[in-house]
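Report on the structure given below.
In what follows, chains carry the letters A, B, and so on, assigned in the order in which the sequence lines appear, proteins first and then strands, with residues in each chain numbered from 1. Since the structure is predicted, the reported quantities are computational estimates derived from the model, not experimental observations.
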2 protein chains.
Amino acid sequence: MLNNDVYKALSDENRRKILDLLYEKDLTAGEIADQFTMSKAGISQHLTILKQAELVYANKQGQYVMYSLNTTVFQEVVRWLMKFNKEG
Amino acid sequence: MLNNDVYKALSDENRRKILDLLYEKDLTAGEIADQFTMSKAGISQHLTILKQAELVYANKQGQYVMYSLNTTVFQEVVRWLMKFNKEG
DNA sequence: TTTATATTTAAGTAATTACTTAAATACTTA
DNA sequence: TAAGTATTTAAGTAATTACTTAAATATAAA
């Protein structure tokens, strides 16, 4: 995991929205795409970036790919940001 | 403050390094630039992006501009990230 | 007031990013 | 096996980003 990949992944509004959706529940690529006006291919590319940053897991289930959050990487970002935060 | 500006600002490695430097102590634009191989103009542009995201303050002191952290905005980012964090 | 120093702004450019559509791949079901 | 559905990959493009150098602005000091 490259630290830079995580911040780059988080820098896109659509990708942050994907994370918000996955926070509610696990979703297939198609279910995620349904929440956007963008093409499925575009969403697939965003999912690849999130996967590479290790912010999400992808599990093939038959012809579907189920996406879920990988919460472990968020910690590192929070840890770095927390040091700037008055409230610790 | 636009939320998106903050994530965009944090997505660049050089800008994160600037924040790390300012965490140690307040610095003038020139002192910051001295820590990089990049041109002073390039650093000035990065500082503008950090200012716009309200991650730093800029205070003119004579011919110098003293930069310092604005810690308040970090909180919002931490708050969003924390929800994804098991330990949050 | 001239000269030097600090910083920003402007203009241009190369690289990267976020998309698109079309084609390919993988699986399911008739 | 053929056809349908889900997803990814490829190829192309427009917009954005991160830089550069040169010029402009502001202050300080000779």
Side-chain angles (χ1 to χ4, degrees), chain A residues 1-22 25-70 73 77, chain B residues 1-22 25-70 73 77:
Chain A
M1 185 261 291
L2 261 173
N3 209 257
N4 199 239
D5 291 346
V6 179
Y7 291 97
K8 287 264 194 247
L10 295 175
S11 73
D12 183 86
E13 199 141 41
N14 288 321
R15 287 194 291 267
R16 291 198 304 279
K17 184 177 165 188
I18 291 173
L19 294 174
D20 279 327
L21 292 169
L22 291 177
K25 65 173 198 286
D26 297 356
L27 295 166
T28 67
E31 287 171 331
I32 293 168
D34 288 345
Q35 305 294 315
F36 294 85
T37 52
M38 190 185 310
S39 69
K40 282 170 196 290
I43 292 297
S44 179
Q45 287 157 13
H46 282 307
L47 288 170
T48 297
I49 289 166
L50 290 171
K51 239 185 304 179
Q52 199 181 293
E54 295 180 35
L55 290 166
V56 304
Y57 293 116
N59 287 296
K60 186 136 205 182
Q61 295 185 4
Q63 70 192 309
Y64 300 91
V65 177
M66 185 62 73
Y67 281 88
S68 57
L69 289 175
N70 176 357
V73 168
V77 182
Chain B
M1 185 261 291
L2 262 173
N3 208 256
N4 200 239
D5 291 347
V6 179
Y7 291 98
K8 287 265 193 244
L10 294 176
S11 72
D12 181 86
E13 198 142 41
N14 288 321
R15 287 193 293 267
R16 291 198 305 279
K17 184 178 165 188
I18 291 173
L19 294 174
D20 278 327
L21 291 169
L22 291 177
K25 65 175 196 288
D26 297 357
L27 295 167
T28 67
E31 287 171 331
I32 292 167
D34 288 345
Q35 305 295 314
F36 295 84
T37 52
M38 190 186 309
S39 70
K40 282 171 196 291
I43 292 297
S44 178
Q45 287 158 13
H46 281 306
L47 288 169
T48 297
I49 289 165
L50 289 171
K51 239 185 306 179
Q52 198 180 295
E54 296 181 36
L55 289 167
V56 304
Y57 293 116
N59 288 296
K60 185 136 204 181
Q61 296 185 3
Q63 71 192 307
Y64 300 91
V65 177
M66 185 62 73
Y67 281 89
S68 57
L69 288 177
N70 176 354
V73 168
V77 181

**Asked** Roughly how many Å is it from CD1 in A:Ile43 to P in D:dT9, rounded to a whole number?
**Response** 15 Å
**Asked** So what does A:Gly62 hit on the nucleic acid, given a heavy-atom distance under 4.0 Å: a base, only sugar-phosphate, or nothing?
**Response** sugar-phosphate
**Message:** Closer than 3.5 angstrom, by distance alone: can the side chain of A:Gln35 be matched with the main-chain N or O of A:Ile32 as a donor-acceptor pair?
**Reply:** no
**Request:** Can you tell me the distance, in whole Å, between the CG atom of B:Asn14 and the P atom of C:dT16?
**Result:** 14 Å
**Asked** Between B:Lys60 (NZ) and D:dA28 (P), how many Å, whole number?
**Response** 9 Å
**Complete:** Separation of C:dA15 atom C1' from A:Asn4 atom CG, nearest Å, is 15 Å
**Request:** Assign B:Ala33 to base, sugar-phosphate, or nothing according to its heavy-atom contacts below 4.0 angstrom with the strands shown.
**Result:** nothing
**Message:** Under 4.0 Å from OP1 or OP2 of D:dT7: is there any side-chain N or O of A:Ser44 that close?
**Reply:** no
**Fill in**
To the nearest angstrom, the CG-P distance between B:Asp12 and D:dT16 comes to 18 Å
**Request:** With heavy atoms under 4.0 Å as the rule, sort B:Gly42 into base, sugar-phosphate or nothing.
**Result:** base
**Message:** So, under a plain 3.5 Å distance rule, would you say the side chain of B:Gln45 forms a donor-acceptor pair with the base of D:dT20?
**Reply:** yes
**Prompt:** Is the distance from OP1 or OP2 of C:dT7 to the nearest side-chain N or O of B:Thr28 less than 4.0 Å?
**Reply:** yes
**Prompt:** Between atom NZ in B:Lys40 and atom C1' in D:dA22, what is the gap in whole Å?
**Reply:** 16 Å
**Prompt:** Which nucleotide in the list D:dA10, C:dA6, D:dC19 gets nearest to the side chain of B:His46?
**Reply:** D:dC19
**Fill in**
Out of D:dT8, D:dA28, C:dC19, minimum distance to the side chain of B:Gln63 belongs to D:dA28
**Asked** Tell me: CZ of A:Phe36 to P of C:dT20, nearest whole Å?
**Response** 12 Å
**Asked** Roughly how bent is the helix from C:dT1-D:dA30 to C:dA30-D:dT1 end to end, in steps of 10 degrees, with each end axis from five pairs?
**Response** 10°
**Request:** Rounded to the nearest angstrom, tell me the gap between atom CG in B:Leu47 and atom C1' in C:dA6.
**Result:** 13 Å
